[in-house]
Amino acid sequence: MKQTQYMNPYLAGFWLGIVLLVTIFITGRGLGASGAVKSVAVATTDVVAHQYASHQPFYQNYLGPGKEPPLKSWLVFEVLGVLIGGFISGLLSNRLKAMTESGPRVGPKVRWTFAVLGGILFGIGAQFARGCTSGAALSGMAVLSTAGFVTMLAIFGSGYAFAWFARRLWI
Amino acid sequence: MGPFVPTFISDELSLVIALIIGIAFGYVLEQAGFSSSRRLAGLFYGYDFTVLRVFFTAAITAALGVIFLGYVGLLDRDSIYINPTFLWPAVVGGVIMGAGFILGGYCPGTSIVGAAIGKIDAMLFVLGGFIGVLIFGAMYPAIHTFYESSALGPLEVFDSLHLDQGIFVMGLIAIAIVAFVVTGKIESKVGGDSAPVNSFPIKFHVLAGAALLILGFFVSQLPNRTDKVLKRVSDSGYQATHAARAITTDELVFRLVTGNANLKIYDLRTPKEFSDFALPRSENMTIKDLFGRTAAAEFSKVHVKKVLVAQSDEEARIAVLAMQELGFQNVEYSKGGVSAVQQQYLGTSPVVLASSEQQAVTEYRYRASQKLRDLIKQEKSRGSGSKKAQKRVAGGC
């Protein structure tokens, strides 16, 4: 079966905006993604290297006394939902397929290396900015927060600034 | 009035809602094509501007929705989470993330949907994000001073730019539409006939853009509900036809000294004036606080008499009219406010005995003043009556 076309971008944007608005209306805050990765990383460290985590101030911000267990957080459940929702969409549009996508001039190994590297940078950057493209930039813009607009401009501005150096990866 | 977490919805139910919202979020992201790293990276090379279209449209839709729901009084904008601005950490974090975007081809949210449909590069990106958190955790002691620096609080962008909210939103829509047009041209130049912009009818989008501009114009002109109601009740024509209920100083003090429990005073003076001298059973608020959710819960208690005092009777009267306009009952203002109580009961003004009636009043006021002083002393030692912090939803990503 041929995979179906992507949704019209403006329509997709409208629906994404509605999902975000409903989220703000019900919960009083926006969507997120990197927060869940952080929760999983913190919880894993706590299990694997409890001694280390209990001495590190960063982990104590989330594991200290009186804190909810990091995995029982709103964002972890939301991101579980994102996995399910993405899967359903891929299933309905015939896009479920184990594959690696890369630019025409690089092979999968290069692509994998840079995917990990990009993820690491995002993992670090999202801590500094207290959120990623979803949690800080998009959700912040929806509530017209200064932080949202600053983060958005910094992410995309920097993306364009580095694009020339990374062009071999994509074009 | 939204938001419903944490007031009406328990923590456990909120996790179920999180899952459902996540499903919708993931579905839309995947349908938009955000599971493809090449498509995402296209934004930076001019061959595919889908990200820009989706991202801008979503932000504007949600922002207009927030403004509209706030205007009609369905959403308490003072209770929603405005992510606080830590200026330099946000810039540095954004720059690092931008580099991560161009090298990794994803951002965290999109990598999750990519992984969901089987993209191996997306799974590795998620793994990278996990490692990144650990690295940040290890660096944290060294950088945490910077991490906490330039904390400016939950700023709103139009305030930061010294612009009216409506003008800012209109400008944002205009920038978005210009960006849509320009990037469409770039895309079709770079990608030719196969460019995404050529896969949908352009005429329809011009109409949609125009409709958005018009809709945005109206929504952005909406004042928030507080301003709307205050403007309405401040009008002299309105005040001629609507009377604000009032309570005399004597009755107010009588109710206080006789220990009438169904009385609550809202003091709209400045926090400084309030801490210098406050009436018993009073709480310091601003007139805007009266429109918030905390006040709404207290003002809906019909059996409690809500007495407003302010710097001037005029201000207190407007506040009462506004509360009546919102449908709250048993709201009155105290004529003469706090200073009248001070003058008539706690002052040292000479006693003039002209008639026996006045003498009776004076005697009564003298006895009441003793009790009133005690009450004020008690209240002060308890340290109550201070301004309640407006309960905001806690956020975090």
Side-chain angles (χ1 to χ4, degrees), chain A residues 6-7 9 12-13 15-17 19-21 25 27-29 32-35 37 41 58 74 77-78 81-83 85-87 89-90 98 100 114-116 118-125 127-129 131-135 141-142 145-147 149-151 154-155 158-159 162-163 166 170, chain B residues 2-3 5 15 18-19 22-24 26-28 30-33 41 44 50 53-54 57-59 61-62 65 80-83 85 89-90 93-98 100-104 107-109 112-113 116-118 120-121 124-125 128-129 132-133 136-137 140 155 157 160 393 395 397:
Chain A
Y6 290 120
M7 197 188 279
W15 283 118
L16 182 56
V19 171
L20 181 53
L21 179 62
F25 179 61
T27 71
R29 63 173 170 197
S34 58
V37 178
F58 173 72
W74 200 90
F77 280 76
E78 185 233 66
V82 172
L83 262 177
F87 181 82
S89 165
T100 296
F114 280 97
V116 175
I120 290 176
L121 289 173
F122 241 110
I124 296 172
Q127 305 314 312
F128 274 110
C132 57
T133 331
S134 335
M141 285 168 73
S145 82
T146 305
F149 282 87
V150 169
T151 311
I155 293 177
S158 147
F162 289 114
W170 302 108
Chain B
V5 176
L15 295 181
L19 190 74
I23 293 175
Y27 184 86
V28 176
E30 210 289 322
Q31 284 295 316
F44 300 106
T50 305
R53 298 189 183 106
V54 176
T57 314
T61 305
I80 61 178
Y81 176 68
I82 310 282
N83 44 342
T85 301
V95 168
I96 297 173
M97 286 191 276
F101 209 150
I102 199 70
L103 295 179
C107 64
I112 305 280
V113 290
I117 66 158
I120 295 158
D121 43 339
L124 289 168
F125 185 96
V133 175
F136 184 86
Y140 187 73
L155 292 185
V157 64
S160 301
V393 174
C397 174

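A note on names: the letters A, B, ... follow the listed sequences, proteins ahead of strands, and every chain is numbered from 1.
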TODO: Go through B:A41, B:G26, B:S160, B:A90 and name the one with the most non-hydrogen pairs under 4.5 angstrom from chain A.
DONE: B:G26
Task: Audit row: A:F128, B:F136, ring pair (Phe, Tyr, Trp, His ring centres under 6.0 Å) steps and yes/no - done: CA-CA 9 Å; A:F128 274 110; B:F136 184 86; 5.2 Å; yes
TODO: Taking the side chain as every heavy atom from C-beta outward, state whether A:V82 and B:I23 have any atom pair closer than 4.5 Å.
DONE: no
- [ ] Would you check if the side chain of B:T57 reaches a backbone N or O of A:G13 as a donor-acceptor pair within less than 3.5 Å?
- [x] no
TODO: List the steps, then state whether side-chain hydrogen bond (donor to acceptor under 3.5 Å, both in side chains) holds for B:D121 with A:T100.
DONE: CA-CA 6 Å; B:D121 43 339; A:T100 296; 4.9 Å; no
Open item on the list: Report which part of A:F149 has an atom under 4.5 Å of a heavy atom belonging to chain B: side chain, backbone, both, or neither.
Closed with: side chain
Open item on the list: Under a 4.5 Å cutoff for heavy-atom pairs, which residue among A:A98, A:G17, A:A12 has the most contacts with chain B?
Closed with: A:G17
TODO: Identify which of A:A166, A:G90, A:A115 forms the greatest number of heavy-atom pairs closer than 4.5 Å to chain B.
DONE: A:A115
TODO: Write down the atom of B:Y81, the atom of A:R29, and the distance for their closest heavy-atom approach.
DONE: CB-CB, 3.8 Å
TODO: Name the option with the most non-hydrogen atom pairs under 4.5 Å to chain B; the candidates are A:F162, A:W74, A:F87.
DONE: A:W74
- [ ] Check whether any side-chain N or O of A:W170 sits under 3.5 Å from a backbone N or O of B:I102 as a donor-acceptor pair, and report yes or no.
- [x] yes
Open item on the list: Which one wins on heavy-atom pair count under 4.5 Å against chain A: B:T61, B:V28, B:L124?
Closed with: B:L124
